[in-house]
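Taking it in order: structure first as structure tokens, then the write-up.
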Amino acid sequence: MLQAMFAGVSGLSVHQTKLDVIGNNIANVDTTGFKAGRVTFEDQLSQTLRYAAGPNANLGGQNAKQVGLGVTMGAVDTLQTQGNLQSTGKQTDLALQGSGFFLVSNGSNVYYTRDGSFDLDSEGNMVNPSNGLHLVGYTADKDGKIDTTQTLDSKNEIQIPVGTLTAVKQTENATLQGNLNPTDPAGTWTTSVKVFDSLGISHNLTYKFSKSALGGTPPTGATGQWDWTVSEGTTSIASSTTAGSSPLYFDTKGALVNTDPISLSLTPTNGAAPFTVKANVASISQLAGSSNVTTISQDGFPVGTLQTFAIAPDGVISGIFTNGQTRTLGQVATASFSNPAGLEKQGGNLFNVSSNSGLPQVGAAAQNGRGKISTGYTEMSNVDLSNEFTNMIVTQRGFQANTKIVSVVDDLLQEIINLKR
């Protein structure tokens, strides 16, 4: 009979723990990225009064006689299911759709979270403003390239310095395209292109093409020749007679025979570094149509300041500058685990690696099973209030039933004591 009392006491203990978990779930129903807990029970050791016996020639088999010694808590699991997404309209708020976690750092340790309530601090760092932890990710180089194979640590923090980051690119290549009419009475054509030096200062170059008689040592197949000169203002920079240069030669079909680019060496007087511009002329033709050679592209641009940014579903951060240029600044990293339920809660919506969670598989979002990122949303708690209230009622009844066991056994023991009277 005392066994029944101890069984009832064990029931009170585990139901009390379950109520604690349910209370915590309900308290965090509005906590961003919160993952609900779940308690499972197990029966304790059973006392065997008689072992099972198999059938024989005279009797059939007999089952074992066992009396259970109560209940114990099996586990408190974390339910890593998807929470609903809530629109915030804030471009720094991020939510993961699917598996995975954001990586955040305090400068020495990395933690994992589903809470994507991020903002930019005064230095342009992307942080969780509630605890100051930095968002971890990949940083692009000056050309906007990202190496996602690098190993991330607590120092790889995302920074988006809006209003302070500048971008400038010196021109290296230009492309000319169009036609030079060999029967044009003027016999000349002029076009210009704006290029930029290392300081972002522009230089207006003028290309002049002049029809001339075939001379010198033309390449095989050449039947037409155009000389060229390039100048900046009144200063001549280069011409087809410059050492290492040659005129434009065309064949009988009007196609360019020598397609090497026109290479110009410029030495700015404003303190910028000397630079070379290669003009691609392979698309210039010599046909009977009107002359219309023009510059269709050049790869330099003036100084611009980072004005705003956008984050793609794969976490790539694109910066938009005041000069109209767009450049990749970095990429938000995410981590997945073979057993995310095995992560240990650290408080503050943070998780840490445990011996049963597996190692983090870190990489870009929307790859290798990791979820994609939604910008302007946060993930709500996955607590289901209807389910929690139902569990609370069932747990309350279980707790009450176990108290009855204890009180009934106590009454029976009192009756036994009264036998001496």
Side-chain angles (χ1 to χ4, degrees), residues 143-144 168-198 200-268 272 274-304 321 323-327:
D143 297 319
V168 62
K169 188 176 187 303
Q170 172 186 290
T171 301
E172 296 178 354
N173 301 284
T175 300
L176 277 66
Q177 181 176 295
N179 182 61
L180 294 172
N181 185 354
T183 62
D184 189 336
T188 62
W189 179 258
T190 302
T191 187
S192 62
V193 58
K194 181 183 290 186
V195 298
F196 299 91
D197 60 27
S198 60
I201 299 173
S202 63
H203 300 263
N204 290 312
L205 304 182
T206 300
Y207 290 78
K208 182 178 181 180
F209 300 93
S210 303
K211 184 73 172 69
S212 63
L214 198 65
T217 308
T220 303
T223 59
Q225 177 178 325
W226 289 76
D227 294 323
W228 55 265
T229 59
V230 181
S231 59
E232 181 180 4
T234 58
T235 303
S236 177
I237 297 176
S239 69
S240 53
T241 59
T242 305
S245 302
S246 65
L248 302 184
Y249 293 102
F250 297 89
D251 61 18
T252 56
K253 296 182 179 181
L256 195 65
V257 176
N258 56 327
T259 58
D260 293 336
I262 296 176
S263 184
L264 308 174
S265 295
L266 290 85
T267 304
F275 65 108
T276 299
V277 177
K278 293 183 178 180
N280 187 328
V281 295
S283 297
I284 297 179
S285 62
Q286 179 192 253
L287 301 172
S290 60
S291 294
N292 56 12
V293 172
T294 186
T295 303
I296 62 171
S297 69
Q298 62 85 32
D299 59 2
F301 51 80
V303 175
F321 293 79
N323 57 8
Q325 298 297 313
T326 299
R327 192 181 80 193

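- A donor-acceptor pair under 3.5 Å is absent between the side-chain atoms of Glu232 and the main chain of Ile237, judged by distance alone.
- Note that the CG atom of Leu176 and the CG atom of Asn280 stand 8.5 Å from one another [nearest 0.5 Å].
- Taken from CD1 in Ile284 to OH in Tyr207, the straight-line distance is 9.5 Å, to the nearest 0.5 Å.
- The closest side-chain heavy-atom distance from Trp226 to Leu256 is not below 4.5 Å.
- Formation of a donor-acceptor pair under 3.5 Å by the Asp299 side chain with backbone atoms of Asn173 is found in this model.
- Atoms CD and OG1, from Gln286 and Thr183 in turn, are 9.5 Å apart once rounded to the nearest 0.5 Å.
- Note: Trp228 CH2 to Thr241 OG1 = 8.0 Å, rounded to the nearest 0.5 Å.
- Considering every non-hydrogen atom in both Leu214 and Ala222, the closest pair reads CD2-O, 3.6 Å.
- Residues Asn179 and Ser285 have side chains that bring a donor and an acceptor to within less than 3.5 angstrom of each other.
- For the pair Asn258 (side chain) and Asp260 (backbone), a donor-acceptor distance under 3.5 Å is absent.
- Residues Ser240 and Asp227 are in side-chain contact: their nearest non-hydrogen atoms beyond the backbone lie under 4.5 Å apart.
- Minimum interatomic distance between Ser265 and Thr276 (heavy atoms only, all atoms of both residues): OG-OG1, 3.8 Å.
- Minimum interatomic distance between Pro219 and Tyr249 (heavy atoms only, all atoms of both residues): CD-CD1, 3.4 Å.
- Checked by atom type and distance alone, the side chain of Ser263 never pairs as donor or acceptor with a backbone atom of Lys278 at under 3.5 Å.
- Heavy atoms only, all atoms of each residue included: Lys253 and Leu287 are closest at O-CD2, 3.6 Å.
- Within the structure, no pair that satisfies the side-chain hydrogen bond (donor to acceptor under 3.5 Å, both in side chains) test touches residues 215-224, not counting sequence neighbours.
- In this structure, the side chains of Leu180 and Val293 come closer than 4.5 Å at one or more pairs of heavy atoms.
- In this structure, the side chains of Leu205 and Leu266 come closer than 4.5 Å at one or more pairs of heavy atoms.
- Residues Phe196 and Val303 are not in side-chain contact: their nearest non-hydrogen atoms beyond the backbone lie 4.5 Å or more apart.
- The salt bridge (charged side-chain N to carboxylate O under 4.0 Å, His left out) check on Lys211 picks up nothing, with sequence neighbours excluded.
- Heavy-atom minimum distance, Pro218 versus Gly215: CD-O, 3.6 Å.
- Among all heavy-atom pairs drawn from Ser198 and Val168, the shortest one is O-CG1, 4.0 Å.
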Start with the C-alpha distance between Ser291 and Asn181, add both sets of side-chain angles, then the distance that settles side-chain contact (heavy atoms from CB on, under 4.5 Å), and finish with yes or no.
CA-CA 5 Å; Ser291 294; Asn181 185 354; 3.5 Å; yes

